[in-house]
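Just so we're clear, the structure is a prediction, and the values are computed from it rather than from any experiment.
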Amino acid sequence: MPHPMPPPSTPPVPLADLLARTDLGLRQLAGPREGVAIHWVHTSEMADPVPYLLGGEMLLTAGVHLAEVRATAATSPDTALDAYLDGYAARTVAAGAAALGFGIAPVHDTVPPALVTACDRHGLPLVEVPAGTPFTAVESAVWQAVTEARHRELTRLSEAQRALAAAAARPDPASAVLRALARHVHGWTALLAPDGAEHGSAGPRPDGPVRAAAGRLARVLGAGGPSSATDTLPGTSLSAYALTGRGHGRQALALVVAADPHDPPAHTIAGVAAVLLALITGPATAHGPAAAEHSAALVQLLLGARPADVAPLLGAPLWTVVHAERRRDTTESAASLAAALGTSLVAPGTAAEAPAAPGVRPATEATTPRTEATTAPGVTPALRALVPADQEVTAYPGWTLGVSEPAPVAELATADRHAAAALRRALAGRTALVRHRTPGPHSITSLVAPADARQHAQALLAPLADSPPLLATLHNWLALHGSWDRTATALGIHRNTVRQRVTRITGLLDTDLNDPDVRMELWFALRSLDRDASRP
């Protein structure tokens, strides 16, 4: 049995929320009742759907495959069916499915009692789907909840990132960042030395056990342990991040955050703050004036300065842009990734695809250029980094990286877009690191003059010109070799939406996307427009 894949980077939907919807009429018959989260829905009538499960889904079946089991049983069909259902439940759990939904009608009048027993035995939540509820209604309810949760999460992250960046530019920035962080995670934040001494705190002060646990985490990090650590107490989740580099005669500080354990965005926000506080408390004084100028450049970039305006502060002629997404199954912090990249120029990731909340200033064009990286939803990097071109960027445990080619400061906006595209490909392909590569001077695209290629591309893709989502879908679908699932992951949408969009693209372009010659021509056209968009 292969090990189930880690949960997808989409907000989970509590099974209890689906059960509470009266329009669905779902009823849980077996398995755990609390803490069950659904990431997506998969329908299958196969006798063994396990190879097609990604983990985290609700598997829906009407039990069509059960008739075949009974029909092929040599002796005692009921005994054979009981054994089959036990194995079915066990394998579904091992594959990482979150729940099993069994549809009443048209095959069965009730859920087989043996399936109820098997799901209870193996800890698999079993939900009865009534005859009046089509599976598509369940699927639609899950994706509606995911979309709404993702909207809320992205809006919250966007607000928090802007607030933290602004706080980092204020007088006494460490205290300002702590206050902003406490406000956005709805908890307590503190800078602690290994001996437990506070160097600043904000938010409601926790009780004795939580404070003692925070001191232990700071002591572990200060003793040369991991770069981050966590602890869970009743009602509270503690996260600690090492901030100040050792070996420079400085006391190793740790950022400790106490928040609600059922609030995953709080951990992401804390990671952003850890990066900023690592800049504020460490590099500027530990490495001298050059690092101080780098920190000043970072804050200016965070607040919307043009790369050309901060070029004198950056120094190095060429830089690599890295977009990074933290996987949900890791404890590796953003601060530890920054240390591994060997740069202090690390900024919170943008959330350009999150619709701005009322009263919230949207990201400026200087910080979030309108490119394909921002028109395609679904990918919000946890952080972006500027790395000197002579510093090698390699894969880092627990993180997914998209890396640009080296670029001068004046072309950082283009490199940022390329890193975002590389990150999308890495996430879709479940690869630890993807590097953007520009075709060389002797590639086949160099045989056509850029102006001619651009004119042909605009004419070929004219039916899609007014629909950025269709263009983004076509670009990702072609780049991922026509994979529905990987394109859906890259864009943060459902695979059925990908199919619908590709069908619409086929109609608008009046062409056959199954023809490899057509795919190649469309890919060259998209690449021509992509190169045109990268020009300042």
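For Thr189, the side-chain hydrogen bond (donor to acceptor under 3.5 Å, both in side chains) test picks out no residue, with sequence neighbours left out. Under the ring pair (Phe, Tyr, Trp, His ring centres under 6.0 Å) criterion, Trp477 pairs with Trp484, not counting sequence neighbours. Applying the side-chain hydrogen bond (donor to acceptor under 3.5 Å, both in side chains) criterion to Asp485, with sequence neighbours excluded, gives Arg495. Contacts of Arg21 classified as salt bridge (charged side-chain N to carboxylate O under 4.0 Å, His left out), with partners at least two apart in sequence or in another chain: Asp23. In this view, Pro265 and Glu153, Arg156, Leu157, Asp263 satisfy the side chain to side chain contact (heavy atoms under 4.5 Å, CB included) rule, not counting sequence neighbours. Under the side chain to side chain contact (heavy atoms under 4.5 Å, CB included) criterion, Ala419 pairs with Val321, His323, Ser404, sequence neighbours left out. By the side chain to side chain contact (heavy atoms under 4.5 Å, CB included) test, Pro261 pairs with Ser237, sequence neighbours left out. Here Glu139 pairs with His494 under the side-chain hydrogen bond (donor to acceptor under 3.5 Å, both in side chains) rule; sequence neighbours left out. Here Asp172 pairs with Ser175 under the side-chain hydrogen bond (donor to acceptor under 3.5 Å, both in side chains) rule; sequence neighbours left out. Remark: Asp207 pairs with Pro209, Val210 by the side chain to side chain contact (heavy atoms under 4.5 Å, CB included) rule, at least two apart or across chains.
Atom CG of Asn476 and atom CG of Leu480 lie 6.0 Å apart (nearest 0.5 Å). Here CG of Leu192 is found 12.5 Å from CZ of Arg216. Values are rounded to the nearest 0.5 Å. Between atom CG of residue Asp260 and atom OG1 of residue Thr236 there is a gap of 8.0 Å, rounded to the nearest 0.5 Å. Atom-to-atom distance recorded for Leu427:CG and Leu423:CG is 4.5 Å, nearest 0.5 angstrom. Atom OG1 of Thr497 is separated from atom CH2 of Trp143 by 8.0 Å, given to the nearest 0.5 angstrom. Within the model, atoms CD of Glu159 and NE2 of His184 stand 7.0 Å from one another, a figure rounded to the nearest 0.5 Å.
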*side-chain hydrogen bond (donor to acceptor under 3.5 Å, both in side chains) between Ser201 and Glu198, worked out*: CA-CA 7 Å; Ser201 65; Glu198 283 190 10; 3.1 Å; yes
*Taking it one step at a time, do Leu318 and Asp390 satisfy side-chain contact (heavy atoms from CB on, under 4.5 Å)?*
CA-CA 8 Å; Leu318 294 176; Asp390 58 0; over 6 Å; no
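For the salt bridge (Lys or Arg N to Asp or Glu O under 4.0 Å) condition, no pair includes a residue of residues 264-279, sequence neighbours left out. Screening residues 231-240 for salt bridge (Lys or Arg N to Asp or Glu O under 4.0 Å) gives no qualifying pairs among residues at least two apart or on separate chains.
Side-chain contact between Met58 and Val138 is present, with heavy atoms from C-beta onward closer than 4.5 Å. Taking 4.5 Å as the limit, some side-chain heavy atom of Leu471 sits within range of a side-chain heavy atom of Leu526. Contact check for Val142 versus Leu18: side-chain heavy atoms found under the 4.5 Å cut-off. Using a 4.5 Å heavy-atom cutoff, the side chains of Leu178 and Leu255 are in contact. Taking 4.5 Å as the limit, every side-chain heavy atom of Leu401 sits out of range of all side-chain heavy atoms of Val434. Contact annotation: the side chain of Val256 approaches that of Leu238 to within less than 4.5 Å [non-hydrogen atoms, C-beta and beyond]. Residues Thr147 and Ile493 form no side-chain contact, since every pair of their non-hydrogen atoms from C-beta on lies 4.5 Å or further apart.
Under the 3.5 Å distance criterion, with hydrogens and angles disregarded, a donor-acceptor pair is assigned to the side chains of Ser158 and Arg162.
Taking every heavy atom of both residues into account, Tyr241 and Gly271 meet most closely at OH-N, 4.0 Å. The two residues Leu53 and Ala95 make their nearest non-hydrogen contact at CD1-CB, 3.9 Å. Nearest heavy atoms, Trp188 versus Gly203: CD1-O, 3.9 Å.
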